[in-house]
Amino acid sequence: MNFKGVDYYDLEEEFTPQEKLIRNTFRKFVEEKVMPRIPHLWMNDEFPMDLIPSLAALGAFGPTFPKEYGGHNLGDVAYGLIMQELERGDSGIRSCASVQSALVMYPIYAFGSEEQKRYWLPLLAKGEKIGCFGLTEPEAGSDPASMTTTARRQGSDWILNGTKMWITNGTIADVAVVWAKDPDGVVQGFLVEKGTKGFTAETIKGKLSLRASVTSTLYLDQAHIPESHRLPHTEGIKSAFMCLTQARYGIAWGAVGAAMACYEEALEFALKRIQFQKPIASFQLIQQQLVEMLQEITKAQLLVYRLGRMKEKGKAHYEQISMAKRNNVKTALDIARMARSILGAGGILIESHSLRHALNLESVYTYEGTHEIQTLIIGRHITDIPSFG
Ligand code: TGC
Ligand code: FAD
């Protein structure tokens, strides 16, 4: 197995021995445990729950957190490499891991009480509990500040009412991080446990994207949540946005993995497929596409590598992370479509991987802030003029 994979600018030289080991371990896991099953899982709209214990044992959940909370104290580049390798397999597998780490463990770690951290984080790290993150609503997608889910105090409880939609892991989750507005209009975060009276989750069917991932609607109808389940250290909606930054970072790395898989599939095919008595790789138009793919992958790799090292020093600001999400997901989507075209008719079959990646990446392009929203985030940063509304 070539663990280095596509690496035109020899980034291998920059990774530490530990980072290489982690990447190689996840590469092997995906090759052995995900790849043989992914066509069937994807076609059958099925998430492989049975892989959760192995993913947890390898450290896919919250690896950057301190050991005392079940983490492994890993750096951000190591975390990124894990996301890259998981998404080489399928964006749905990476989504499960990034939601668990960036959108469930991170808010508990950053805004939770010591009791909440000590209870939830080790269980989530071990995969004994699965989490989801409920921010988006049917009428509040790109603009979460317009959410209508409410939280009102009643004695020692909070009463939550509202609907959250498009929630990854929703129906398989033991705990949902739910964002709701209190009577003062301040957004608060709550840990809503499965089985809470008034809280239900329903799987969204009919997706043509991320089919090996669970996506759900969450209903809160007079759900009673104890004050001890409120995240005490949030600062309004900014705290929810801080979680998005963590997830966007992982997505930027994940997209590189999907792009690498598509490029490798297209190159291998182009070298073997004979038309006009020659491998199609000998045609200039095919070479042009392969070069375009490799060049864009190389740029995407350099972007996340540098971003990761900046993040490790606490120097990456959220607009820089938006740029990596924006660039790398669009790049991966373009590459997946190009690879599918090189594969010809066979490229539409589930046995080829590029179209599955392309269809998955349609969701990745939209979630965690659409491509357009990332554009406007960066636009505001460089001009100081917000143009969202
Ligand atoms: P705005 O005025 O921009 O911000 C309020 C305060 O928050 C700060 N802030 C951030 N901080 C950290 N990271 C970020 N990404 C931040 N974005 C904003 C901001 O600096 C400000 O701080 P302060 O101190 O000045 O008060 O608030 P706004 O309501 O105008 O928001 C604008 C906008 C468009 C940036 C925001 O609404 C946005 O990001 N919208 C996109 C929504 C989104 O990304 N949703 C994702 C849902 S989760 C998901 O999709 C999971 S998919 C996962 C998977 O399956 O892998
Ligand atoms: P809208 O906000 O309605 O946008 C529709 C279109 O209008 C887009 O093209 C958008 O870019 C554009 N648009 C909107 N505003 C502007 C503007 N100001 N200027 C220019 N164009 C604009 N959410 C969660 O909370 N948790 C999850 O776990 C989660 N998982 C998801 C999993 C999947 C598979 C998908 C598809 C989504 C998931 N989401 C999740 C929701 C996701 O974050 C939203 O779909 C996303 O933020 C966009 O919201 P929307 O779909 O309502 O689109």
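Any value given below was found using the heavy atoms of this structure, including those in side chains, with hydrogens, waters and symmetry copies removed. For ligands, and for the atoms within them, numbers begin at 1 and follow the listed sequence.
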A.B. asks: What protein heavy atom lies closest to atom 39 (O) of ligand 1? Include the residue and the distance to one decimal.
C.D. replies: R248 NH2, 3.1 Å
A.B. asks: Give the single entry among W166, Y365, F388 that approaches atom 31 (C) of ligand 2 most closely by any heavy atom.
C.D. replies: W166
A.B. asks: Classify the angle between the aromatic ring planes of Y249 and Y79 as parallel (below 30°), tilted (30 to 60°) or perpendicular (above 60°).
C.D. replies: parallel
A.B. asks: If the contact criterion is a heavy-atom separation under 4.0 Å, does R94 count as touching ligand 1?
C.D. replies: yes
A.B. asks: Who's the nearest protein heavy-atom neighbour of atom 33 (C) of ligand 2, and how far?
C.D. replies: Y367 CD2, 3.6 Å
A.B. asks: For atom 51 (O) of ligand 2, grab the closest protein heavy atom and report residue, atom and distance to one decimal in Å.
C.D. replies: T366 CG2, 4.2 Å
A.B. asks: In the protein, what heavy atom is nearest to atom 49 (O) of ligand 2, and what distance, to one decimal place, separates them?
C.D. replies: G141 CA, 3.3 Å
A.B. asks: Could you tell me whether ligand 1 has any atom less than 4.0 Å away from a heavy atom of T370?
C.D. replies: no
A.B. asks: When you look for heavy atoms under 4.0 Å from ligand 2, do you find them on the side chain of K164, its backbone, both, or neither?
C.D. replies: neither
A.B. asks: Non-hydrogen atoms of A247 versus ligand 1: any pair closer than 4.0 Å?
C.D. replies: no
A.B. asks: Any N/O of T168 closer than 3.5 Å to an N/O of ligand 1?
C.D. replies: yes
A.B. asks: Given L376, N169, I167, which one has a non-hydrogen atom that is nearest to atom 19 (N) of ligand 2?
C.D. replies: L376
A.B. asks: Determine whether any protein heavy atom is located less than 4.0 Å from atom 38 (C) of ligand 2.
C.D. replies: yes
A.B. asks: Does the protein place any heavy atom closer than 4.0 Å to atom 7 (O) of ligand 2?
C.D. replies: no
A.B. asks: So which of T375, L103, T136, V364 gets nearest to atom 25 (O) of ligand 2, if we judge by its closest heavy atom?
C.D. replies: T136
A.B. asks: Does the side chain of Y367 pick up a donor-acceptor pair with the side chain of T168 at under 3.5 Å?
C.D. replies: no
A.B. asks: Evaluate the 4.0 Å heavy atom contact test for atom 18 (C) of ligand 1: does a protein atom fall under the cut-off?
C.D. replies: yes
A.B. asks: Considering Q246, E235, K238 one by one, which has a heavy atom nearer to atom 22 (O) of ligand 1 than any of the others?
C.D. replies: K238
A.B. asks: I need the atoms of ligand 1 closer than 4.0 Å to a non-hydrogen atom of S98, numbered in the order shown.
C.D. replies: 56 (O)
A.B. asks: Within ligand 1, which atoms have a heavy atom of T136 less than 4.0 Å away?
C.D. replies: 47 (C)
A.B. asks: Report the part of L376 (side chain from C-beta onward, or backbone N, CA, C, O) that has a heavy atom under 4.0 Å from ligand 1; answer both or neither where that applies.
C.D. replies: neither
A.B. asks: Does any donor atom in the side chain of S322 or R326 lie under 3.5 Å from an acceptor atom in the other side chain?
C.D. replies: no
A.B. asks: Which one of I167, I321, L244, I251 has a non-hydrogen atom at the shortest distance from atom 46 (C) of ligand 1?
C.D. replies: L244
A.B. asks: Relative to the heavy atoms of A145, which atoms of ligand 1 are at a distance of less than 4.0 Å?
C.D. replies: 29 (O)
A.B. asks: Check whether the side chains of S228 and E115 place a donor and an acceptor atom closer than 3.5 Å, and report yes or no.
C.D. replies: no
A.B. asks: Does any N or O atom in L135 lie less than 3.5 angstrom from one in ligand 2, N or O only?
C.D. replies: yes
A.B. asks: Please work out, at 4.0 Å between heavy atoms, whether the side chain, the backbone, both, or neither of I377 comes within that distance of ligand 1.
C.D. replies: side chain
A.B. asks: Does a side-chain N-to-carboxylate-O contact under 4.0 Å join E292 and R337?
C.D. replies: no
A.B. asks: Tell me whether atom 46 (C) of ligand 2 lies less than 4.0 Å from at least one protein heavy-atom position.
C.D. replies: yes
A.B. asks: Do K299 and T331 get their side chains close enough for a donor-acceptor pair, meaning under 3.5 Å?
C.D. replies: no
A.B. asks: Check whether the side chains of R37 and H40 place a donor and an acceptor atom closer than 3.5 Å, and report yes or no.
C.D. replies: no
A.B. asks: Quick one: look at Y318 and ligand 1, take heavy-atom pairs under 4.0 Å, and tell me if it's side chain, backbone, both or neither.
C.D. replies: side chain
A.B. asks: Nearest protein heavy-atom contact for atom 16 (C) of ligand 2: which residue, which atom, what distance?
C.D. replies: I373 CD1, 4.1 Å
A.B. asks: Go through ligand 1 atom by atom and flag the ones less than 4.0 Å from a non-hydrogen atom of P144.
C.D. replies: 37 (O), 40 (N), 42 (C)
A.B. asks: With atom 50 (O) of ligand 1 as the reference point, say which of E368, H381, R380 has the nearest heavy atom.
C.D. replies: E368
A.B. asks: Which of the numbered atoms in ligand 1 are below 4.0 angstrom from a heavy atom of I373?
C.D. replies: 34 (C), 40 (N), 41 (C)
A.B. asks: Is any side-chain heavy atom of K197 closer than 4.5 Å to one of Q222?
C.D. replies: no
A.B. asks: Suppose we measure from atom 21 (N) of ligand 2 to each protein heavy atom; which comes out shortest, and what is that distance?
C.D. replies: E372 CB, 4.0 Å
A.B. asks: Can a donor-acceptor pair be found between the side chains of S209 and S363 at a distance below 3.5 Å?
C.D. replies: yes
A.B. asks: Is a side-chain donor-acceptor pair under 3.5 Å present for E235 with S239?
C.D. replies: no
A.B. asks: Looking at atom 25 (O) of ligand 1, tell me if a protein heavy atom falls under 4.0 Å from it.
C.D. replies: no
A.B. asks: Between G369, C96, C132, S142, which one has a non-hydrogen atom sitting closest to atom 38 (C) of ligand 1?
C.D. replies: S142
A.B. asks: Just to confirm, does any protein heavy atom lie below 4.0 Å from atom 27 (C) of ligand 2?
C.D. replies: yes
A.B. asks: Considering only protein heavy atoms, which is closest to atom 28 (P) of ligand 1, and at what distance to one decimal place?
C.D. replies: F241 CE1, 3.9 Å
A.B. asks: Which atoms from ligand 1 have a heavy atom of T245 less than 4.0 Å away?
C.D. replies: 12 (C), 13 (N), 14 (C), 15 (N)
A.B. asks: Using a strict cut-off of less than 4.0 Å between a Lys/Arg side-chain nitrogen and an Asp/Glu carboxylate oxygen, indicate whether R118 and E68 qualify as a salt bridge.
C.D. replies: yes
A.B. asks: Given D76, which partner from the list K313, K315, R309, K311 fulfils the salt bridge (charged side-chain N to carboxylate O under 4.0 Å, His left out) test?
C.D. replies: K311
A.B. asks: List the closest protein heavy-atom neighbour of atom 52 (S) of ligand 1: residue, atom name, distance to the nearest 0.1 Å.
C.D. replies: Y367 CG, 3.4 Å
A.B. asks: Backbone, side chain, both or neither: what part of F388 comes under 4.0 angstrom of ligand 1, heavy atoms only?
C.D. replies: side chain
A.B. asks: Quick one: look at T168 and ligand 2, take heavy-atom pairs under 4.0 Å, and tell me if it's side chain, backbone, both or neither.
C.D. replies: both
A.B. asks: For atom 15 (N) of ligand 2, tell me which residue out of G389, S142, A173, A140 has the closest non-hydrogen atom.
C.D. replies: S142
A.B. asks: Please confirm whether V99 approaches ligand 1 to less than 4.0 Å, judged on its heavy atoms.
C.D. replies: yes
A.B. asks: Does atom NZ of K194 have more than 12 heavy-atom neighbours from other groups under 6.0 Å away?
C.D. replies: yes
A.B. asks: Taking the six-membered ring of F61 (Phe, Tyr or Trp), confirm whether the NZ or CZ of K126 is under 6.0 Å from its centre and within 45° of its axis.
C.D. replies: no
A.B. asks: May I ask you to identify the nearest protein heavy atom to atom 48 (C) of ligand 2, giving residue, atom name and distance to one decimal place in Å?
C.D. replies: T370 CG2, 3.8 Å
A.B. asks: Applying a strict 4.0 Å limit to heavy atoms, is G141 in contact with ligand 1?
C.D. replies: yes
A.B. asks: Just checking H371 against Y365, ring centres under 6.0 Å apart?
C.D. replies: yes
